[in-house]
Amino acid sequence: MTPGILARSRSVAPAGWSRWLVPPAALSVHLSIGQAYAWSVFKPALESSLGLSGTASALPFQLGIVMLGLSAAFGGTLVERNGPRWAMAVSLLCFSSGFLLAALGAATHQFWLVVFGYGFVGGIGLGIGYISPVSTLIKWFPDRPGMATGIAIMGFGGGALIASPWSARMLDGFGSDSGGIATAFLVHGLVYAVFMSLGVLLVRVPPEGWRPEGWEPPRETRSLVTSGRVSARGAVRTPQFWCLWVVLCMNVTAGIGILEKAAPMITDFFSGSDAPVTASAAAGFVALLSLANMAGRIVWSSTSDVIGRKNMYRIYLGVGALMYLGIERLGDSSKPLFVCCALAILSFYGGGFATAPAYLRDLFGTYQVGAIHGRLLTAWSTAGVLGPLIVNRVADAQEDAGHSGSGLYSLSLMIMIGLLLVGFVANELVRPVHPRHHEPAPPRDPAGPAPTAPAPPPGAPDRAASPGSAHSEEGPR
């Protein structure tokens, strides 16, 4: 049992608790761990001060993304069992400790310690922190699950918008030598620990059976929305889980292919034009892509509450393929067209992440949706290797063959279109989960509220229906 203030029973919302306090708690964690997207700020300083190659300086980030997927997959069940407060505390400890170990590695010129600290230890914090608020938000917002998860996951996409300029200013102030890097890592670790602690203290879970005032589960049953309960172990035995794994992997591979090579790609596309793209303009393009990534997470996930998850992924994958085709065929003839298509692709990339938890909730219920989401994120780890590998390897091969400009990317763009079409087919194959995979309904506790407790009394919108309860999230008992 988790002791003290981190115990799940200690985080059940009291009477009068507003559910709108939970998204800020989730954002405090996601905005912090979203710093991972700003790792490239440290790459030049690490390469010059420690004598690293570009490939070597990327190792902490690459290991961090791999550990994000693995820790989310293997730690998801623990997150469900111990609750979001425990999970956020573990994320805080690992993520901040990773920065402190990296600071020690930079100060002592031990790069392996930077890789171990930021990549391995910090990567565990990334994975646990990423999934920690998901099932809680879905339970607080059964009426708008796409919007709720989109708000939190938007923070991960937007974390780099804060971390990038902040990190650059610290390196300017402290210096870009090993001592300056170590100091910057130290400040990151301490500041993020304080910021993430706000989420640990603020997060609450709803009492069992709570519903928003005036909301009732839909009477008409949608084909892909279940009222059953599927465990994490049962979910990975269904074809629906693996169809969604393919969908997410293909969508992320396509998006990260542009994100990882955005600046050199737009420069190469217009290198032979009358108005080539400058370095500052390429940097501005990267910033625009980050904004599209962040905005897509809330806009498209909220839209999925209206049009449904399957239709939303049809747009991500089908329209995304058309955007790639537009870049491949016409991208080098029009900068506005190139930029608009790339922004759409990156908005679909972000939206795919934010819509996935709600899609899982529709198919498998809320029982262990956090743990199921953790297992699904192994698709992200795979795509994080696959996307950059395709774009970079193909571009290198095309360059060796004598191609230049947009010709460096024609083949890789066609490969991305093919991958998106594979994801489109996988999404079309998603069907309702067979009842044989459902867990039996929990027995009613005579001492506690019924699982279908009525809404709170009038005059208390969006607030918990009862004082602290011995139960919180549904999960393994």
Side-chain angles (χ1 to χ4, degrees), residues 65-77 79-80 123 126-128 130-131 134-135 138 145-146 149 153 156 224-226 230-257 297 300-301 304 308-318 320-321 348-390 415-416 418-434 437:
I65 295 299
V66 170
M67 291 307 301
L68 186 157
L70 293 178
S71 62
F74 290 104
T77 303
V79 171
E80 286 287 336
L126 289 178
I128 300 298
Y130 191 88
I131 64 172
V134 169
S135 63
I138 287 176
T149 55
I153 293 176
F156 192 88
L224 289 178
V225 181
T226 183
V230 182
S231 67
R233 179 177 295 182
V236 298
R237 296 174 179 173
T238 66
Q240 288 84 354
F241 176 87
W242 293 106
C243 284
L244 284 188
W245 193 97
V246 171
V247 165
L248 184 63
C249 184
M250 298 301 100
N251 190 60
V252 174
T253 299
I256 211 168
R297 295 175 185 240
W300 297 128
S301 61
S304 76
R309 322 303 169 198
K310 191 168 186 175
N311 287 333
M312 196 69 251
Y313 274 95
R314 284 170 173 154
I315 293 174
Y316 294 153
L317 300 160
F348 296 156
Y349 167 81
F353 279 120
T355 310
Y359 208 163
L360 293 173
R361 175 259 191 189
D362 289 351
L363 289 170
F364 303 110
T366 62
Y367 176 48
Q368 289 188 349
V369 68
I372 299 170
H373 184 219
R375 286 158 171 78
L376 187 72
L377 288 181
T378 55
W380 186 3
S381 296
T382 303
V385 175
L386 191 61
L389 183 65
I390 291 172
I415 292 173
M416 294 301 177
L419 293 177
L420 286 172
L421 293 179
V422 169
F424 190 93
V425 172
N427 184 54
E428 293 302 306
L429 295 176
V430 174
R431 296 290 185 270
V433 175
H434 195 280
H437 297 290

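Being a predicted model, the structure only gives us computed values, none of them experimental.
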Over all atoms of both residues, closest heavy-atom pair of Pro357 and Ile153: CG-CD1, 3.9 Å

Modelled atom types, side-chain donor and acceptor of Ser304 and Arg309, under 3.5 Å: yes

Mind checking what makes side-chain contact (heavy atoms from CB on, under 4.5 Å) contact with Leu421, not counting sequence neighbours? Ala321, Ile417

Contacts of Ser301 meeting side chain to side chain donor-acceptor pair (under 3.5 Å) (sequence neighbours excluded), chain-then-number -> none

Evaluate Phe364 against His437 for side chain to side chain contact (heavy atoms under 4.5 Å, CB included), listing each step before the verdict. CA-CA 9 Å; Phe364 303 110; His437 297 290; over 6 Å; no

How far does CE of Met312 sit from CD1 of Ile315, to the nearest 0.5 angstrom? 4.0 Å

What residues, two or more places apart in sequence or in another chain, satisfy side chain to side chain donor-acceptor pair (under 3.5 Å) together with Ser381? none

Name all residues meeting the side-chain contact (heavy atoms from CB on, under 4.5 Å) criterion together with Val66; count only those two or more places apart in sequence or in a different chain, and write none if there are none. Leu70

Residues which pass side-chain contact (heavy atoms from CB on, under 4.5 Å) with Ala72, listed by chain and number, not counting sequence neighbours: Ile131, Leu377

The complete set of side-chain hydrogen bond (donor to acceptor under 3.5 Å, both in side chains) pairs with one or both residues in residues 240-250, sequence neighbours excluded, reads Trp245-Thr378

So, using ring-ring contact (aromatic ring centres under 6.0 Å, His included) as the criterion, who are the partners of Tyr359 when residues are at least two apart? Tyr313

Distance from Thr238 atom OG1 to Arg431 atom CZ, nearest 0.5 Å? 14.0 Å

Taking atom CE of Met416 and atom CG of Asn251, what is their separation to the nearest 0.5 Å? 11.5 Å

Val247 and Glu428, any side-chain heavy atoms less than 4.5 Å apart: no

Residues which pass side chain to side chain donor-acceptor pair (under 3.5 Å) with Tyr349, listed by chain and number, not counting sequence neighbours: Tyr37

Partners passing side chain to side chain donor-acceptor pair (under 3.5 Å) against Arg237 (at least two apart in sequence or in another chain): none

If you apply the rule side chain to side chain contact (heavy atoms under 4.5 Å, CB included), what do you find for Gln368 with Val230, and how did you get there? CA-CA 7 Å; Gln368 289 188 349; Val230 182; over 6 Å; no

My understanding is that only residues two or more places apart in sequence, or in another chain, count here; which of them pass side-chain contact (heavy atoms from CB on, under 4.5 Å) with Ile415? Ile390, Val394, Leu411, Leu419

Any non-hydrogen side-chain atom of Arg375 less than 4.5 Å from a side-chain atom of Phe241? yes

Run the side chain to side chain contact (heavy atoms under 4.5 Å, CB included) check on Met250 and Phe424 step by step: do they pass? CA-CA 9 Å; Met250 298 301 100; Phe424 190 93; over 6 Å; no

Side chain to side chain contact (heavy atoms under 4.5 Å, CB included) between Leu244 and Leu363, worked out: CA-CA 10 Å; Leu244 284 188; Leu363 289 170; 3.5 Å; yes

Can you check whether Phe353 and Trp300 have ring centres sitting under 6.0 Å from each other? no

Kindly compute the distance separating CG (Leu68) from CZ (Phe156), expressed to the nearest 0.5 Å. 5.5 Å

Ignoring hydrogens and geometry, is there a side-chain-to-backbone donor-acceptor pair from Arg297 to Gly351 under 3.5 Å? no

Could you give the distance from CD1 (Ile65) to CH2 (Trp380), rounded to the nearest 0.5 Å? 5.0 Å

Minimum-distance pair of heavy atoms, taken over all atoms of His373 and Leu360: CA-CD1, 3.5 Å

Would you compute the distance between atom CG of Asn427 and atom CG of Leu420 and round it to the nearest 0.5 angstrom? 12.0 Å

Looking just at side-chain N and O atoms, do Tyr130 and Ser71 make a donor-acceptor pair shorter than 3.5 Å? no

Could you report the tightest heavy-atom contact between Leu248 and Gly352, atom names first, then the distance? CD1-O, 4.0 Å

